[in-house]
Amino acid sequence: MRGPLLTRRGLLGAAGASIASISLPPLLQAGQPSLRLVAAPGKASLVGDQGPPTRVWAYNGRVPGPLIRARQGDRLVVEVENRLDEPTTVHWHGLRIPARMDGVPWVSQRPIAPGERFTYAFDLEDAGTFWYHPHINSSSQVGRGLRGVLIVEEDQAPAVDRELLWVLDDWRLDQEAEIAPFGAMMDASHAGRLGNVATVNGSVGPDEPMRAGERVRLRLANVANARTFALRFGDLPVWLLALDGHPVPPHQPDGGRIVLGAGMRADLVLDVAAEPGASVAVVDDAYGPGQAFELKHLRVEEGLGQVERPAPAPLPSNPVAEPDLAAAEHRRIIFEGGAMGAMMGARMGEHFRTMRELAEAGRLWAINGQVPEELFRMAPLLSLAQGSSQRVELINRTAFPHPIHLHGHAFRVLTRNGAPEPHTPFRDTVLLGTEETVEIAFVADNPGQWMFHCHVLEHQEAGMMAVVDVS
Ligand code: C2O
Ligand code: CU
């Protein structure tokens, strides 16, 4: 007899009773002689005692992969060994590094063949919360567990009592807690591969112990294939310090809600303004109140007592060049396709193809009317002069939201449907809502060929990707 289908709701309900502490994967410190990542099949206890271990693909046997911690200005050297039976690469999401270290197959490097190694080496210019993952066969490789976080510490860390990292993830598991097959057309044409089990730091359930009165720096990283997370922390005061690693003026987000599309990160300050014994539900309602669920439970223990907390100080800014908005070149990028969209067809290679012909080729999304014939080996969508300022309108003509990511740069988010974006943050990924238009601006100062794509990995692989050339 099979057990009941695993659901987040069911799992979380059952998990509420058991209390365990979070064990973060071991730390890899930059500066160690040999920082090594081995990508290989492994097992992970994603659902804890509510099911068997899950067969995953993992870095150093861990899901999420080892937390890499380094300091701004360090040089990071990581040797990656591929013990999978297919080629892989490692992309350092959000880092502004040389293109040949960016981990994009054929664009920045030859894929790392099974049994081969590749050494990544680059300087860490920016502080912040970043992450790493394969950039080939991404839906399956990332979706099976290959992803980890890279924290780059600023010189002057903010004054907090404690730091916490939550790696937010989403899995589609079957009744035996095995990862469900990849490649469903339905995922590629709709909202991507949404799962049925949400994990924090690689497991469901366990409560997070907090001390009454403490101030915590909480780093959030959404490493899911497709899922957007939108978290609220009950009545606890929450301050946003950084988005995608880049500081914003500390402010309390609208409705206390932190929205992270796939690939995005946020650094928060959370004040545990609650009495010992209190318990605070961390609720995700990204897909509406009807699908809201409790991601985590904060269990407040004895602590510091009531402490008056001023607004946190801003983080020191990263050395990102400020785009010259007046002199900037204007561009428009239109995203089309997918289910329930109006796209009739698009160019693939030289020729216009109907939606049906595209679908037969596994292509469902177009950027400026163009669909890649071969993923990665594409003519550039944009060719930008190195050092030029760019203003780019991103127009979503589809029925789904898309977290749009640009490699090698950070861009300011200027407006959303014409309205100024609060604090015009520097980001590397922007969540483009359904039928929304977002304007971004950046200085094209990192030479090379850079991917520009949707971070819903099933969309990316179904053609929602392009190359931007900076030279
Ligand atoms: Cu996080 Cu092109 O990717
Ligand atoms: Cu998308």
Side-chain angles (χ1 to χ4, degrees), residues 64-65 88-97 99 101-109 128-139 141-143 146-150 167 169 186-194 221-228 244-245 260-265 333-341 343 363-367 371-372 375-376 378 381 394-410 427-436 438 446 448-468:
T88 193
T89 63
V90 176
H91 168 59
W92 308 91
H93 182 121
L95 289 177
R96 302 185 301 128
I97 56 180
M101 292 291 134
D102 197 45
V104 177
W106 300 291
V107 177
S108 34
Q109 68 174 106
T129 307
F130 302 99
W131 67 296
Y132 59 91
H133 61 80
H135 216 289
I136 184 168
N137 197 9
S138 297
S139 171
Q141 291 198 9
V142 178
L146 293 168
R147 59 278 243 227
V149 166
L150 165 59
V167 183
D169 210 341
M186 182 76 177
D187 294 336
S189 61
H190 288 70
R193 182 181 168 96
L194 297 175
N222 179 356
V223 303
N225 279 38
R227 177 171 295 279
T228 296
D244 297 347
L260 294 178
M264 296 175 153
R265 291 88 62 214
I333 295 181
I334 298 171
F335 299 94
E336 291 176 291
M340 300 175 286
M343 186 165 90
R363 301 285 186 266
L364 300 161
W365 308 89
I367 301 181
V371 171
L375 299 181
F376 303 109
M378 305 177 270
L381 168 76
L394 308 176
I395 302 169
N396 182 0
R397 295 219 179 112
T398 80
F400 298 92
H402 305 283
I404 302 296
H405 173 46
L406 174 64
H407 285 210
H409 296 78
R427 308 204 63 139
D428 57 56
T429 308
V430 63
L431 189 57
L432 192 53
T434 302
E435 298 286 341
E436 206 167 53
V438 167
N446 199 354
Q449 302 241 310
W450 301 104
M451 296 303 299
F452 178 70
H453 64 85
C454 179
H455 222 288
V456 170
L457 301 175
E458 296 71 30
H459 292 176
Q460 182 193 348
E461 288 180 342
M464 210 167 188
M465 61 157 77
V467 165
V468 172

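Everything numeric in this text was worked out from a predicted model, so none of it was measured. When a ligand or atom number is given, it counts from 1 through the structure's own listing order.
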Result of checking His407, His91, His459, His402 against His453 for ring-ring contact (aromatic ring centres under 6.0 Å, His included): His407
Donor-acceptor check, side chain of Glu461 to backbone of Ser138, threshold 3.5 angstrom: yes or no? yes
Kindly check if the number of other-residue, nucleotide or ligand heavy atoms within 6.0 Å of CE (Met186) is above 12? no
Restricting His459 to its N/O/S atoms, the closest one to the Cu ion (ligand 2) is ND1
Could you pull out the atom name of the N/O/S atom in His402 that is nearest the Cu ion (ligand 2)? ND1
Below 2.8 Å, any N, O or S contact between His455 and atom 1 (Cu) of ligand 1? yes
Please give me the minimum heavy-atom distance between Val371 and Trp365, naming the atom from each residue. CG2-O, 3.4 Å
Any N/O/S atom, side chain or main chain, of His455 closer to the Cu ion (ligand 2) than 2.8 Å? no
Return the name of the atom in His93, of element N, O or S, nearest to atom 1 (Cu) of ligand 1. ND1
May I ask you to decide if Ser108's main-chain N or O and Asp102's side chain share a donor-acceptor pair within less than 3.5 Å? no
Taking the N/O/S atoms of His453 one by one, which is nearest to atom 2 (Cu) of ligand 1? NE2
Name of the His133 atom (N/O/S only) found closest to atom 1 (Cu) of ligand 1: NE2
Of Leu194, Asp169, Leu457, the one forming a side-chain contact (heavy atoms from CB on, under 4.5 Å) with Asn225 is Leu457
To atom 2 (Cu) of ligand 1, the closest N, O or S atom belonging to His407 is NE2
Nearest heavy-atom neighbours spanning Val468 and Phe452: CG2-CB, 3.9 Å
His135 N/O/S atom closer than 2.8 Å to atom 2 (Cu) of ligand 1: yes
